[in-house]
Amino acid sequence: MPLINENAVAIMFLRISTKSLAATLTSWGMFILFPGFLLYHMLLAMGIFPAFVGGLFGPISLVYFIVFLILFPFTFRRIVNASQFFYISSIIFFIYCMFWILAHCIIIDEPYIRVAAIQASATVIVWLALFFIGIHFSYEHKITKRLFVLMFVATFCFLTHFTLTTGKVMFYATEFQALEDYSSVSTYQGFARSSLVSALLLLCYTQSVYKRIMIVMMSIFVLFFLGARSELYGFVFLLTMFLMAFSNKSLLRLVLSIGLLAAIAFIVVSNFEWLSESRQFEIMNLSQSTSMVGRLEFQEVGLGQLADNPVFGFFGGHIVDTGSVGGYVHNALSAWLAFGILGFVVYMSLTVVATLNSLFFFVKYRTLSSHWTFAFMVNCFCLLMMITSKSVYWILPGLGWGLYINAMVRQNSEKNVHLGNTLKLFVEPN
C-alpha cells in the first residue's frame, strides 16, 4: 500500500512539473514566434547579424513540434479530460493530413508531389507547434507579458519615426538598408502577422477600457503602415465585433467605442490624399490591383480542379497548373484541393466550433477571462481569413485551436476548484 501511494505521488509530481515546464516553454515560444520574429527580421534587414536560424519561424516551430511529441504522453490525459471531442478531433486531423501527404508520395511519383509534400508537411508541423503553444500558453507569465508590451510599443515608435522621417506610407524591411542578400528577411506579411497576434494578446491582458482604446489606435497604425491588407481589414472587422460584445450593458463603453471609431474615420478622411498612396487603399479599386487579379486567376484554376476532382481534390495541383508553390486558392477551398473534401470539412469545423464556443464564453465572462477573449479573437480572425483571403498553408489556425483548448482546460480547472470548495462546506466540520 505505501508503494502505491509513493507511485501516485510521483506521478502527480511529474504531471505538475510537466504542466509548469510546458507553460514556461510555450510562453517563451509565443514571444519568440511573434514579437521576437519581428525583432529578429528587423535586425536582419539592418544587417546587424546574419540569419543564424534561417527565417526563425520554421526552425523554432520544428523545435516546439519535437517538444510537443515528447510531452504529449504526460499532458494528454489532463487536456483530454477537459476537451475530449475537440482535442481528439484535432489530433486525428493532424494525423489524417500526414497520412494523406504520405499516401500521395507513395502512389504518385512526380516531382511536383515532392514539392507539394514538403509545403504541406511544413504547414502541419507549424500547426502542431502553434497548437502546442496555444494549449499551454500561460497568461500569468510576467516576463513575457512585459516583453510583449515593450516590443509592441517599440514597433509603434519605430514606425512612427520611419513615417515622419521618410514620408512613406508603407514600411518594407527589404528597402530599409542596402544589403546584398535579403532572401532571409521576412515579407511585410510576416511582420503584420507578428504585430496582429501581439495586438490581440495585449487587448486581452488589460481590462481597462482606456488602455484598450490606446492599444487599438496603435495597432491600426502599425498594421496600416506594414501594408498587409488582410490583417488590417480583418483586425478592423474583429475590432467592431469585440467592441459590440464588450460594450454590451455599459453606456460608457458604448460611447467610448463609438467615439473611437469616429476618431479613426476622422483621421483617415483628414489625411486621405496622403494615405491613399498606400496599397491598403487598393481595396477601393480592386480591378487595378495586381495582387487581386492574380488571386482571381488562381481561384479560377482551383475551381476547375475541384470540378474535375470533387471528392479527393488535387494535391499539389496549384504547382502543376500555375508552376508556383504560391499559386494556390487564397481561401479555405485550398484545403479541399490539398486534403480532399473530408479534410476540408474537418479543417473548417474545428475553427467554426472554436469560434462559436469561445464567442459564447467570451460574452459570458468578458470582464474576467483573458483566455476566452484571446481564444475568441484569434479563432474569429482565422475564420474570417479562411473564408476571404488565406489558404490552407496559413499557419494561425493551429494557434487558434490550441488557445480554445487552453480556455477549456482552464474553465474545467476553475469548475473543479469551485466544486471542491463547495464540497468542503458539507464535509469539513464547523
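Counting from 1, the numbers follow the sequence of the chain as shown.
Relative orientation of the Trp127 and Phe93 rings is tilted, given thresholds of 30° and 60° on the angle between their planes. Below 30°, between 30° and 60°, or above 60°: for Phe37 and Phe191 the angle between ring planes is above 60°, a perpendicular geometry.
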Check residues 344-356 and write down every donor-acceptor pair under 3.5 Å in which the side-chain atom is one partner and the other belongs to a residue at least two apart or another chain.
{"from": "Ser349", "atom 1": "OG", "to": "Val345", "atom 2": "O", "distance (Å)": "2.6"}
{"from": "Thr351", "atom 1": "OG1", "to": "Trp401", "atom 2": "NE1", "distance (Å)": "2.9"}
{"from": "Thr355", "atom 1": "OG1", "to": "Thr351", "atom 2": "O", "distance (Å)": "2.7"}
{"from": "Thr355", "atom 1": "OG1", "to": "Asn379", "atom 2": "O", "distance (Å)": "3.1"}

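Checked against Leu33 for a side chain to side chain contact (heavy atoms under 4.5 Å, CB included), the options Ile395, Val197, Val126, Ile60 give a single hit: Ile60. Tested against Phe156 for a ring-ring contact (aromatic ring centres under 6.0 Å, His included), the candidates Phe162, Phe224, Phe221, Phe225 yield a single pass: Phe221. Among Leu239, Leu238, Ile215, the one residue that satisfies the side chain to side chain contact (heavy atoms under 4.5 Å, CB included) test with Leu200 is Leu238.
For Phe132, the ring-ring contact (aromatic ring centres under 6.0 Å, His included) partners are Phe68, His136, not counting sequence neighbours.
Contact annotation: the side chain of Val301 never approaches that of Glu297 to less than 4.5 Å [non-hydrogen atoms, C-beta and beyond]. Residues Phe34 and Leu399 are in side-chain contact: their nearest non-hydrogen atoms beyond the backbone lie under 4.5 Å apart.
Side-chain atoms of Asn81 and Arg77 include no donor-acceptor pair closer than 3.5 Å.
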Leu201/Tyr139 under side-chain contact (heavy atoms from CB on, under 4.5 Å): CA gap, chis, key distance, verdict: CA-CA 9 Å; Leu201 183 55; Tyr139 296 82; 4.2 Å; yes
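Sorted by first and then second residue, the side chain to side chain donor-acceptor pair (under 3.5 Å) pairs involving residues 106-117 (not counting sequence neighbours) are Asp109-Arg114.
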